[in-house]
Amino acid sequence: MGSARATGVSMFYIFKNIGSPFPPSSSACCQDVRGANVVNVCHDFTDQDKAKIDLWKWAAVTRVCGNALPVGTNCAGYIVH
């Protein structure tokens with residue numbers, strides 16, 4: 001799954017129907033997100049990825065982890081608000 005799967009730990013938080021988009025800020029997920037170019041991650045999501053994840057959860061995770069996608073960003077078809 002593109003660069004969103006830096007270690008795989010962030011994926012739990014954005015899968016459809018499971019997970020919570022609110023990882024602890026001290027988590028490995030947030031460490032990955034803080035070090036990522038989150039806009040580029042949006043460009044890396046494939047159609048297969050998008051069938052498994054909720055893009056709004058990705059936007060929420062980036063916000064919770066302190067590396068928020070800018071409002072108005074088109075993240076693989078989801079407009080961040």
Side-chain angles (χ1 to χ4, degrees):
M1 174 171 294
S3 51
R5 196 185 333 158
T7 67
V9 294
S10 299
M11 294 311 302
F12 171 78
Y13 296 98
I14 64 174
F15 276 123
K16 290 183 177 182
N17 303 317
I18 62 170
S20 164
F22 306 105
S25 61
S26 61
S27 68
C29 172
C30 279
Q31 290 174 5
D32 288 347
V33 170
R34 281 191 292 273
N37 181 326
V38 294
V39 173
N40 281 351
V41 171
C42 289
H43 299 303
D44 289 344
F45 287 128
T46 66
D47 288 338
Q48 290 175 327
D49 296 334
K50 292 188 287 184
K52 298 175 192 173
I53 64 172
D54 283 318
L55 292 167
W56 71 265
K57 285 184 178 180
W58 172 241
V61 166
T62 66
R63 189 174 318 115
V64 167
C65 293
N67 189 12
L69 287 162
V71 172
T73 298
N74 182 337
C75 184
Y78 172 79
I79 305 301
V80 177
H81 46 85

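In plain terms, the two heavy atoms of V80 and A59 that are nearest each other are CG2-CB, 4.3 Å.
Panel note: side chain N37, backbone N40; a donor-acceptor pair is recorded below 3.5 Å.
Applying the side chain to side chain donor-acceptor pair (under 3.5 Å) test to residues at least two apart or on different chains, none of the pairs has a partner in residues 64-74. Pairs of residues two or more places apart, or lying in two chains, that qualify as ring pair (Phe, Tyr, Trp, His ring centres under 6.0 Å) and include a residue from residues 60-81 are Y78-H81. Pairs passing the side chain to side chain donor-acceptor pair (under 3.5 Å) check and including a residue from residues 16-25, sequence neighbours excluded, do not occur.
A distance of 11.0 Å separates CG in L69 from CD1 in I79, rounded to the nearest 0.5 Å. With rounding to the nearest 0.5 angstrom, the CG atom of D49 is 9.0 Å from the CZ atom of F15. I18 CD1 to K52 NZ: the interatomic distance, rounded to the nearest 0.5 Å, is 11.5 Å.
By the 4.5 Å heavy-atom criterion applied to side chains, P70 and V39 are counted as neighbours.
Remark: S27 pairs with P23, P24, C29, C30 by the side-chain contact (heavy atoms from CB on, under 4.5 Å) rule, at least two apart or across chains.
Shown are W58, Y13, F45; of these, the side-chain contact (heavy atoms from CB on, under 4.5 Å) with I53 is made only by F45.
Under the 4.5 angstrom side-chain criterion for Ile, Leu, Val, Met, Phe, Trp and Tyr, the cluster partners of F22 are V64.
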